[in-house]
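Read the structure below first, then the notes.
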There are 2 protein chains.
Amino acid sequence: MDEERHRYLEEFGLLFGQFGLSRMLGRVLGVLMVSDPPERTAEELAEDVGASRGSISSATRSLVQMGIVQRWSRPGERRDHFRVRPGAWHEIMRREAAALRNFREMAERGLDLLNSQNPDARRNLEEMRDFYAYWEKEMPVILERWEREEER
Amino acid sequence: MDEERHRYLEEFGLLFGQFGLSRMLGRVLGVLMVSDPPERTAEELAEDVGASRGSISSATRSLVQMGIVQRWSRPGERRDHFRVRPGAWHEIMRREAAALRNFREMAERGLDLLNSQNPDARRNLEEMRDFYAYWEKEMPVILERWEREEER
DNA sequence: CGTAACTTTCAATAATTACTGAAACATCAA
DNA sequence: TTGATGTTTCAGTAATTATTGAAAGTTACG
């Protein structure tokens, strides 16, 4: 694994770090993305990202649990193999779409808490609530259109 | 400031923490959202969130710099006041839309790096690139529609 | 069974990030 | 200019989060 590839993995990790996942998850996902063939054993992952077996174990567990990575094993072999699931990116975005609900609900709780008739004071929370309700409605539409276009 | 309100601020902060901003930015934004009237001085913010002046100073600076919060002062008064800008939520989403580009570019760099003809190995990166290119195109459309609907 | 190959768990610790508070800086009015 | 009021900066420290590595757990096979 050369210098350029290590830099790529680190930046892939940082991108995911900014975005909310952990850096290690990003690095592991990065290796799986640029692997040829596109799968790796836990041991290979540990070597490629330069991390301990323990870290790899917890990163792969999270990625599998999130539906981003698949684990599989050939019968009669002790080693597990990991690969990125087709549709992984769609799944990541679907999670973001689901999180919009938390923002809308936070706005609604704020309005209850504020409990004021002053329209000036309510305006920001109403805007927040309406904005996230709008996105909650629109994102699934765009996600579905992508799925239909992928099927062709 | 009662117990319920403090819990709200803490959860508002956590929501923003998960989402990528700092918890303190979230707490400060939370206070400004549920204030009546909807503005606060730095001193009031410090008291409401229970943080030091220094923390408030850096949080408000970031929020202003991001275009989420406005700072203003009445002539002949030394104190600055802060309030949430109308359109703040739109601005936050616009930033997310802009970040999609980083994901597409990461996929493109990965394809260069992989430099393999094996279609199986290229598939994940191609999917990533196409998926984020699609969102890069679609998000501005939805953001603009919101703006048009707001104007009415 | 027992052993080797491999994985997971989790307490300890390293690395990172958030926060404070006091000093420096800025602004207003007399 | 001075003093009072208010804000920012930043070095130090606290709090949090990420990571390791060794022990415990699993699985395949003879």
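Keep in mind it's a predicted model, so treat the numbers as computed, not measured. By convention in this document, chain letters (A, B, ...) are assigned in the order of the sequence lines, proteins followed by strands, and residues within each chain are numbered from 1.
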What integer distance in Å separates [X]:[atom1] from [N]:[atom2]?
{"X": "B/Glu44", "N": "D/dT5", "atom1": "CD", "atom2": "P", "value": "17 Å"}
{"X": "A/Leu63", "N": "C/dT8", "atom1": "CG", "atom2": "P", "value": "13 Å"}
{"X": "A/Glu47", "N": "C/dC6", "atom1": "CD", "atom2": "P", "value": "14 Å"}
{"X": "B/Arg61", "N": "D/dG6", "atom1": "CZ", "atom2": "C1'", "value": "16 Å"}
{"X": "B/Trp72", "N": "D/dT7", "atom1": "CH2", "atom2": "P", "value": "14 Å"}
{"X": "A/Ile56", "N": "D/dG21", "atom1": "CD1", "atom2": "P", "value": "13 Å"}

Open item on the list: Please encode protein proximity along nucleotides 11-24 of chain C as a string of B, S and -, counting only heavy-atom distances under 4.0 Å.
Closed with: ------SSSBB---
Task: Under 4.0 Å protein heavy-atom contact, by nucleotide of nucleotides 24-30 of chain D - B base, S sugar-phosphate only - done: ---BBS-
Task: Candidates B/Val34, B/Val31, B/Leu29 - the one meeting side chain to side chain contact (heavy atoms under 4.5 Å, CB included) with B/Phe12 - done: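 Looking at B/Val34, B/Val31, B/Leu29, the match for B/Phe12 under the side chain to side chain contact (heavy atoms under 4.5 Å, CB included) is B/Leu29.
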Open item on the list: Does a side-chain N or O of B/Arg79 approach OP1 or OP2 of D/dA4 to a distance below 4.0 Å, or not?
Closed with: no
TODO: Please check if the side chain of B/Tyr8 supplies one atom and the backbone of A/Met106 the other of a donor-acceptor pair under 3.5 Å.
DONE: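 Checking the backbone N and O of A/Met106 against the side chain of B/Tyr8, a donor-acceptor pair under 3.5 Å is found.
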TODO: Rounding to 10 degrees, work out the angle separating the end axes of the helix from C/dC1-D/dG30 to C/dA30-D/dT1 (five pairs an end).
DONE: 20°
TODO: Take B/Arg101 and B/Glu105 through the salt bridge (Lys or Arg N to Asp or Glu O under 4.0 Å) test and state the conclusion after the steps.
DONE: CA-CA 6 Å; B/Arg101 179 180 170 168; B/Glu105 287 178 347; 2.8 Å; yes
- [ ] Might you point out which heavy atoms bring B/Ala97 and B/Leu143 nearest each other, and give the distance in Å?
- [x]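 Nearest heavy atoms, B/Ala97 then B/Leu143: CB-CD1, 4.2 Å.
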- [ ] Over 60° means perpendicular and under 30° means parallel, so classify the ring planes of B/Trp135 and B/Phe131, tilted if in between.
- [x] tilted
